[in-house]
Chemist: 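The structure is given below, and queries will be raised subsequently.
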Amino acid sequence: MALEEQCSAPPQWRSISLTHVEFPEGDLTGHMLAYISLLPIAVLVGFVTLIVFKRELHTISFFGGLILNEGVNWVLKHIFREPRPCAGAHTTLHTAYGMPSSHSQLMWFFVVYFFLFLYLRMHQTNNARCVDLLWRHILSIILLGTALSVSYSRVYLLYHSWSQVFYGGVAGCTIGIMWFFFTQEVLTPLFPKIAAWPISEYFLVRDTSLIPNILWFEYTVTRSEARNRQRKLGTKLQ
């Protein structure tokens, strides 16, 4: 259906409680896509949780890139000042400008950066198994599908046009690539010094840049420490 036809006969809109993301009343697909469009919020909350519990410098840098990406989006919106499609269809909007889509830009920044992190940062060692490569490919496909779904949801729910979503994705991909290599080439060499600062030691901020596969490292270290403590506990109880 053409955009003009959709705007000429606007549906009754309902919002998801607390989030104010609106979808056409009685539209099951729109209801599902409204929840999918909330994934950028879940990404931001997830990063805050990771930072609080992991306190790892690369994670903090990744989150910093997301914040920078959002700042660039705000600037671009106010430079282009392009209105959203079907102006007035939604009453709960932070800004009337739609170019580029912030949801699309954030998700594509996250996905592209994560792709580079998976295949370049978490590089394989000589004893890597096929299953290690398989789960990365599966995760990449899931992330790609997630970004496409969020982008489509913004058009389906009439928050953005296809061009606004497309250029949001282009901006997110570009900033994601630039921020990844800036982190790798400029920030990563500084991480050991930052981790050694007294304030970093006080807040238990750490640097894992020299560990190729952090997931495997944390798994093996945690398992080994748990076994050692179990042996000590068993010795004390005897």
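Below, each value reflects all heavy atoms present in this structure, side chains not excepted, and no hydrogens, waters or symmetry copies.
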Chemist: Any donor-acceptor pair under 3.5 Å linking the side-chain atoms of S101 with those of Q164?
Modeler: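 No donor-acceptor contact under 3.5 Å links the two side chains.
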
Chemist: Any side-chain to backbone donor/acceptor pair from H160 onto V165? Under 3.5 Å, distance only.
Modeler: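 No; zero donor-acceptor contacts below 3.5 Å.
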
Chemist: Is there a side-chain contact between S161 and R84 in this structure, where contact means two heavy atoms from C-beta onward sitting under 4.5 Å apart?
Modeler: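 Side-chain contact under 4.5 Å: no.
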
Chemist: For the pair R223 (side chain) and T220 (backbone), establish whether a donor and an acceptor sit closer than 3.5 Å, ignoring hydrogens and angles.
Modeler: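 No: the side chain of R223 does not pair with the backbone of T220.
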
Chemist: Above 12 or not: heavy atoms from other molecules or residues under 6.0 Å from CG of L204?
Modeler: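 It does: L204 CG has more than 12 such atoms within range.
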
Chemist: Under 3.5 Å, is there a donor on one side chain and an acceptor on the other for S61 and T183?
Modeler: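 Indeed, the side chains of S61 and T183 share at least one donor-acceptor pair under 3.5 Å.
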
Chemist: Heavy-atom distance under 4.5 Å between the side chains of L50 and R55, does that happen here?
Modeler: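 Result no, sub-4.5 Å side-chain heavy-atom pair not found.
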
Chemist: Do L106 and L44 come within less than 4.5 Å of each other through their side chains, counting heavy atoms only?
Modeler: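 Yes, side chains in contact.
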
Chemist: To the nearest 0.5 Å, how far apart are OG in S149 and CD1 in I36?
Modeler: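 It comes to 5.0 Å.
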
Chemist: Can you sort out the partners of F114 under ring pair (Phe, Tyr, Trp, His ring centres under 6.0 Å), two or more places apart, ordered by chain and number?
Modeler: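 Expected list: F110.
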
Chemist: Taking all heavy atoms of V111 and all of L143, pick out the closest pair and write down the distance.
Modeler: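 Answer, listing the atom of V111 first, then L143: CG2-O, 3.5 Å.
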
Chemist: Check the pair T146, L39 against side chain to side chain contact (heavy atoms under 4.5 Å, CB included), reporting the backbone distance first and the verdict last.
Modeler: CA-CA 8 Å; T146 300; L39 287 174; 3.3 Å; yes

Chemist: With heavy-atom distances below 4.5 Å as the criterion, would you say the side chains of M107 and V43 are in contact?
Modeler: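 Of all side-chain heavy-atom pairs linking V43 with M107, at least one is under 4.5 Å.
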
Chemist: Below 4.5 Å, heavy atoms only, C-beta onward: do L144 and F115 meet side chain to side chain?
Modeler: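 Yes; the side chains approach each other to less than 4.5 Å.
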
Chemist: So, does Q105 use its side chain to make a donor-acceptor pair with the main chain of E70 at under 3.5 Å?
Modeler: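 Absent.
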
Chemist: Once rounded to the nearest 0.5 Å, what's the spacing between atom OG of S224 and atom OH of Y219?
Modeler: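 So the OG of S224 and the OH of Y219 are separated by 11.5 Å.
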
Chemist: Can R154 and Y159 be counted as having a side-chain donor-acceptor contact under 3.5 angstrom?
Modeler: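 There is no such pair between these side chains.
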
Chemist: Side chain to side chain contact (heavy atoms under 4.5 Å, CB included) for L139 and R136? Distances and angles first, verdict last.
Modeler: CA-CA 5 Å; L139 181 58; R136 295 184 192 204; 5.7 Å; no

Chemist: Apply the ring pair (Phe, Tyr, Trp, His ring centres under 6.0 Å) test between Y113 and each candidate in W108, F62, F182, F181; give the one that qualifies.
Modeler: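 Testing each of W108, F62, F182, F181 against Y113, the sole residue satisfying ring pair (Phe, Tyr, Trp, His ring centres under 6.0 Å) is F62.
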
Chemist: Could you tell me which non-hydrogen atom of K77 sits nearest to which non-hydrogen atom of Y97, and how far apart they are?
Modeler: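 Reported closest heavy-atom pair: CE-O, 3.3 Å.
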
Chemist: So do the side chains of L76 and M99 get within less than 4.5 Å of each other, counting heavy atoms only?
Modeler: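 No, side chains not in contact.
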
Chemist: Verify, without hydrogens or angle tests, whether S37 (side chain) and A34 (backbone) share a donor-acceptor contact under 3.5 angstrom.
Modeler: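 Present.
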
Chemist: Please work out whether the ring planes of F180 and H58 are parallel, tilted or perpendicular, with thresholds of 30° and 60°.
Modeler: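 Because their plane-to-plane angle lies in the 30° to 60° range, the rings of F180 and H58 count as tilted.
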
Chemist: About how many Å separate CZ of F63 and CG of L68, when rounded to the nearest 0.5 Å?
Modeler: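 Interatomic distance, L68 CG to F63 CZ, rounded to 0.5 Å: 12.0 Å.
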
Chemist: More than 12 foreign heavy atoms under 6.0 Å from CE of M32: is that the case here?
Modeler: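 Result for CE/M32: enclosed.
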
Chemist: Which salt bridge (charged side-chain N to carboxylate O under 4.0 Å, His left out) pairs, counting each pair once, include a residue from residues 155-168, with sequence neighbours left out?
Modeler: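 Pairs touching residues 155-168 that pass the test: none.
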
Chemist: Could you walk me through whether S151 and H103 pass the side chain to side chain contact (heavy atoms under 4.5 Å, CB included) test, one step at a time?
Modeler: CA-CA 7 Å; S151 299; H103 282 67; over 6 Å; no

Chemist: In chain order, what residues pass the salt bridge (charged side-chain N to carboxylate O under 4.0 Å, His left out) check against E225, with sequence neighbours excluded?
Modeler: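 Partners of E225 under the salt bridge (charged side-chain N to carboxylate O under 4.0 Å, His left out) test: R229.
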
Chemist: Among residues at least two apart in sequence or on other chains, which ones pass salt bridge (charged side-chain N to carboxylate O under 4.0 Å, His left out) with E218?
Modeler: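 Residues passing salt bridge (charged side-chain N to carboxylate O under 4.0 Å, His left out) with E218: K54, R206.
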
Chemist: With no hydrogens and no angle check, just 3.5 Å: does a side-chain donor-acceptor pair link Y167 and S104?
Modeler: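 No, no side-chain donor-acceptor pair sits under 3.5 Å.
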
Chemist: Decide whether L157 and L28 are clustered together by the hydrophobic rule: side chain heavy atoms of Ile, Leu, Val, Met, Phe, Trp, Tyr closer than 4.5 Å, transitively.
Modeler: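 Shared cluster, no.
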
Chemist: In chain order, what residues pass the side chain to side chain donor-acceptor pair (under 3.5 Å) check against Q184, with sequence neighbours excluded?
Modeler: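 Counting only residues at least two positions away or on another chain, Q184 forms no side chain to side chain donor-acceptor pair (under 3.5 Å).
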
Chemist: With rounding to the nearest 0.5 angstrom, report the OH to OG1 distance, Y156 to T29.
Modeler: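 With rounding to 0.5 Å, OH (Y156) is 4.5 Å from OG1 (T29).
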
Chemist: Test of understanding: with ring pair (Phe, Tyr, Trp, His ring centres under 6.0 Å), list the residues that count as partners of F80, not counting sequence neighbours.
Modeler: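 With neighbours one apart ignored, the set is empty.
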
Chemist: With a 4.5 Å limit on heavy-atom distance, are the side chains of P100 and N73 in contact?
Modeler: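 Yes, their side chains come closer than 4.5 Å.
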
Chemist: Minimum heavy-atom separation for N69 and A171, please, with both atom names.
Modeler: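 In this case the closest contact between N69 and A171 is OD1-O, 4.5 Å.
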
Chemist: To the nearest 0.5 Å, what is the distance between CG (L187) and CG (D207)?
Modeler: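 CG of D207 is found 11.0 Å from CG of L187.
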
Chemist: Is there a side chain to side chain donor-acceptor pair (under 3.5 Å) between Y119 and S140? Walk through the geometry before answering.
Modeler: CA-CA 10 Å; Y119 291 103; S140 297; 3.0 Å; yes

Chemist: Test T208 against L57 for side chain to side chain contact (heavy atoms under 4.5 Å, CB included), laying out the working first.
Modeler: CA-CA 8 Å; T208 60; L57 285 171; over 6 Å; no

